[in-house]
Structures are given as structure tokens and as C-alpha cells.
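Before any comments, here is the structure.
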Protein chains: 2
Amino acid sequence: MTDRLSDLLTRTARLIAGDGYWAGLKPAQWQALRYLAAANRFSRTPGALTAWLGQTKGTVSQTVAALERKGLVERSEDRDDRRLVRLALTPAGRARLAEAPETVADAMTAGLTGDERAAIEPLLARMLTEHLAQRGYRPFGLCAECRHFIRDAADGAPHRCGLLALPLSAEDAGAICIEQEAA
Amino acid sequence: MTDRLSDLLTRTARLIAGDGYWAGLKPAQWQALRYLAAANRFSRTPGALTAWLGQTKGTVSQTVAALERKGLVERSEDRDDRRLVRLALTPAGRARLAEAPETVADAMTAGLTGDERAAIEPLLARMLTEHLAQRGYRPFGLCAECRHFIRDAADGAPHRCGLLALPLSAEDAGAICIEQEAA
DNA sequence: TCGCAATGGTAGCGACTCGATACAAATCAT
DNA sequence: ATGATTTGTATCGAGTCGCTACCATTGCGA
């Protein structure tokens with residue numbers, strides 16, 4: 001009747017997802033903050049955040065509003081597509097993030113050996129991506145591991161995005177991108 | 001800066017923990033319902049539920065109140081210790097549970113092979129128990145896998161609990177117990 | 001056996017979550 | 001042009017969840 005593994009996963013999930021009541025922020029707000037710090041400029045929009053957090057647009061809109069109220073996130077318009085809202089951390093947001101204590105997820109995984117981490121990571125990755133695919137969500141991923149990533153484009157910028165036809169800095173390459181498709 | 005594995009774990013955790021908006025219940029309520037269905041009679045109290053869910057007493061008190069309002073859970077007193085509140089599913093609660101669709105956690109783990117499940121389970125179990133120990137919480141566990149479990153006590157009841165000095169039915173042996181200590 | 005800490009639980013508050021519905025604006029496809 | 005799609009916001013209601021108080025009951029030590 002009850003599946004042992006799925007029970008284990010569910011309890012662990014509660015602990016991790018409920019983690020993050022520090023410095024006046026809530027778990028979802030910390031996760032949004034962390035995402036915005038790690039995502040490239042194309043992926044810092046309420047829509048991308050919605051897909052990343054797996055929530056609805058309305059919820060994310062409120063989370064973003066709360067972060068803006070606290071002065072941790074800034075909103076700006078996109079010249080090309082005026083429906084879009086560009087999000088960015090403020091210096092205060094970056095500072096808050098730097099002060100954050102270790103997360104439960106970090107503490108939990110820190111107790112694993114290198115071999116164990118290597119064993120568990122691909123399994124978890126598969127579970128996540130398969131589930132996201134089933135729900136029609138994008139999996140996200142690192143810019144540099146994308147099939148549209150052109151290393152050393154040698155036309156001024158270090159690299160280049162073949163999909164959006166835009167130059168990429170070295171920093172961009174290490175960021176999370178919503179358009180990413182595994183190479 | 002960002003740890004890949006812990007990121008993966010956090011996203012997966014959000015999806016799993018946020019899963020369960022069916023039939024007028026919320027995720028936490030479903031988990032409480034599932035726990036109460038799987039726990040033995042010593043472990044069906046608000047306090048045990050608090051430890052299992054990893055929340056605070058107040059939160060759990062409200063979740064239980066919501067389930068009682070919906071007629072899915074029943075409260076009763078304990079004769080021996082009148083501070084305690086015993087919880088039990090009502091027939092309606094059991095029926096609601098039977099109607100529940102597959103959880104995200106079940107769907108995710110269903111995609112794994114037997115070997116993969118065998119590989120991931122002990123790791124997850126260790127991550128969870130180590131973390132619970134750190135917070136001073138009990139790990140819980142199956143009655144039959146407890147060091148206080150006396151199989152085939154042969155004094156009327158099938159088995160026996162050495163800690164509480166009580167007879168155990170075959171059904172009890174397969175239930176979750178808050179007092180459990182690994183054999 | 002008295003007093004007092006520990007235990008188990010509830011009450012109420014405030015900020016937030018989160019799905020749902022409705023809506024507005026910009027953009028895209030035909 | 002014009003209707004569908006995309007992107008985001010507004011509002012609502014139920015619930016989550018940590019927090020501080022608070023109340024019984026129980027257990028323990030002097």
C-alpha cells in the first residue's frame with residue numbers, strides 16, 4: 001500500500017521545501033532570490049520564475065511583489081517586448097543572499113560521499129526532468145551545456161547564443177537559462 | 001557557489017511538497033491523512049504528527065482541526081494520560097484516501113528500476129534520519145523493524161512490544177511507530 | 001506531598017502561499 | 001485587421017506556518 005521510497009521522498013521534500021524562514025523572508029522568496037541570482041538575463045522574468053518554481057503565475061506575481069516591497073528585487077521594462085517584465089536583484093538583494101545560512105538541502109547533501117553524490121544525482125535529475133516534461137514545463141539548464149551555445153564565437157564577445165543570436169559573456173555561460181536544451 | 005545536487009533536490013522537493021490540491025484538501029492535510037492511516041495507535045496523536053511532518057505544534061493543531069471539520073478525522077481522549085489526544089481516520093477519511101490520485105512522488109519513483117530504487121533509498125534514508133537527529137526529532141519506523149519488537153510472543157497475541165509491554169496484532173507490526181528504534 | 005518543571009495540546013495573530021478566476025495589454029498569425 | 005496567444009496583474013478565500021501566550025495534566029525531586 002504505502003511505498004517506502006516515495007514516503008521517504010515526501011518527508012524529505014517537506015523538510016527541504018519548508019526550509020527558509022530567515023531574515024524576514026519565506027521559503028518561496030528565498031528560492032526566487034536564489035533563482036534570480038543564478039539565471040541569465042533572458043530568464044529573469046516572472047514567467048520563467050513561474051516555470052522554475054512550478055507554481056502559478058498569480059502566486060509568483062505576489063512573491064515578486066513581496067521581494068520588491070522589501071527592496072531586494074527590481075523590476076524593469078523590456079524595450080523589445082513590452083509585455084515582459086525584467087527582474088534583477090538589487091545590491092540589497094545580493095547582500096541578503098550572501099548572508100543566508102546553509103540550507104537544509106545543502107546540509108543533507110553535504111553528508112554524502114563523492115561516490116554517493118555521483119550515484120544519486122543522475123537519478124534525481126531524471127526523475128525531475130521526466131516529470132517536468134510530462135507537465136509540459138521546460139527543464140532549464142546551464143547556458144554552456146546547451147545545444148545553442150557557441151563557444152569562442154570570436155566576434156567580439158567570448159561566446160554566442162545560436163538560438164537568440166546574441167553575444168554571451170563568460171558569466172552568462174555559467175548561468176541558468178530557460179531556453180536551454182541539452183546538447 | 002550553487003551546488004548542483006542540492007539545487008536539484010530543492011526543485012524536486014518543491015514539486016513534491018506542493019503536490020496534493022485535490023478533493024478540497026491541501027498538501028499538508030493529505031500527508032496527515034496518509035500518516036494517520038499508516039501509524040499504529042500509539043503514534044496517532046498531534047504530537048507524533050508534529051514530529052512526522054516536521055512542523056510546529058500550532059500548525060499541526062490547525063491541520064487536524066481542518067480535517068476534523070471536514071469529517072475525515074476523529075479525536076478521542078486517552079484514559080491513562082489525559083493530556084493526550086488520540087486521532088483516528090473516520091470511514092469518510094479512509095474513503096477519501098482511497099480515492100486519491102497517484103502522488104507526484106509515486107509517479108517519480110515509479111520511473112526507476114529496482115536497482116535504482118535500491119541504490120537511492122538508503123541514501124535518502126540516511127539524509128533524512130541524520131537531519132532529524134540533528135533537530136532532536138525521532139526518525140519513526142516500522143514496528144516490526146524495531147529492537148523492542150518481540151515476534152511470536154506466544155502469549156495470546158501474535159507479537160509484543162517490549163518497550164510499552166503491550167500485545168501487538170499482525171497489523172500493528174506493519175504500522176509506523178513513533179517509538180521505533182532500529183534493530 | 002508540595003511545588004515546579006516538563007509535556008501535550010490549543011488559541012490567536014500576521015505574513016505569506018497558492019489555486020482559481022477574471023482581466024488588461026502587447027504581440028503574433030492569418 | 002482581427003482574433004488567438006502570450007505575459008503579467010488584481011482579487012478572493014482557504015489554508016500554511018512560525019510565533020507567543022496560555023491551559024491542563026503529569027512526573028519528579030526536595
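Just so we're on the same page: letters track the sequence lines, and every chain starts at 1.
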| field | Atom-to-atom span, CD of E68(B) to C1' of dT10(C) - whole angstrom | value | 12 Å
| Atom CZ of R69(A) to atom P of dT17(C): distance rounded to whole Å? | 9 Å
| query | For atom CD of E102(A), is the number of surrounding heavy atoms from other residues, nucleotides or ligands below 6.0 Å larger than 12? | reply | yes
| field | Atom-pair distance (CZ on R79(B); P on dG8(C)), nearest Å | value | 20 Å
| task | Apply the test side chain to side chain contact (heavy atoms under 4.5 Å, CB included) to residues T50(B) and T56(B): give CA-CA distance (whole Å), side-chain angles for both, the deciding distance (0.1 Å), then the verdict. | result | CA-CA 6 Å; T50(B) 298; T56(B) 59; 5.7 Å; no
| field | Length of the CG-P vector between D19(A) and dG18(D), whole Å | value | 11 Å
| If each of D80(A) and G24(A) is mapped to the nucleotide of DNA chain C with the nearest heavy atom, which maps nearer the 5' terminus, i.e. the 5' end? | G24(A)
| query | Does some side-chain heavy atom of R86(A) sit less than 4.5 Å from a side-chain heavy atom of R41(A)? | reply | no
| So, is T63(A) close to the dC16(C) phosphate, meaning a side-chain N or O under 4.0 Å from OP1 or OP2? | no
| note | Value for CZ (R96(B)) from CG (L72(B)), rounded to nearest 0.5 Å, stands at 5.0 Å
| said: Between W22(B) and P101(B), is there a side-chain heavy-atom distance shorter than 4.5 Å? | reply: yes
| task | Indicate, with a heavy-atom threshold strictly under 4.0 Å, whether A28(A) touches base, sugar-phosphate, or nothing. | result | sugar-phosphate
| query | Could you give the CG-to-C1' distance, from L67(A) to dT17(C), as a whole number of Å? | reply | 13 Å
| said: If the cut-off is 4.0 Å, is R82(B) near the phosphate of dG9(C), judged by side-chain N/O to OP1 or OP2? | reply: no
| Heavy atoms under 4.0 Å, any strand shown: does D78(B) hit a base, just sugar-phosphate, or nothing? | nothing
| Just how far, in rounded Å, is P of dT7(C) from CZ of F42(B)? | 21 Å
| field | Distance, rounded to the nearest Å, where Q55(A) contributes CD and dT16(D) contributes P | value | 16 Å
| field | Pair R126(A) + E130(A), salt bridge at N-O below 4.0 Å | value | yes
| said: In terms of relative ring orientation, are F140(B) and Y35(B) parallel, tilted or perpendicular, with 30° and 60° separating the classes? | reply: perpendicular
| message | Please report the distance, rounded to the nearest Å, between CD in Q29(A) and P in dC17(D). | response | 15 Å
| Nucleotide-resolved protein contact map, nucleotides 5-11 of chain D, B/S/- at heavy-atom distance under 4.0 Å | -BBBB--
| task | Would you kindly compare K26(B) and G18(A) by the position of their nearest DNA chain D nucleotide and give the one closer to the 5′ end? | result | K26(B)
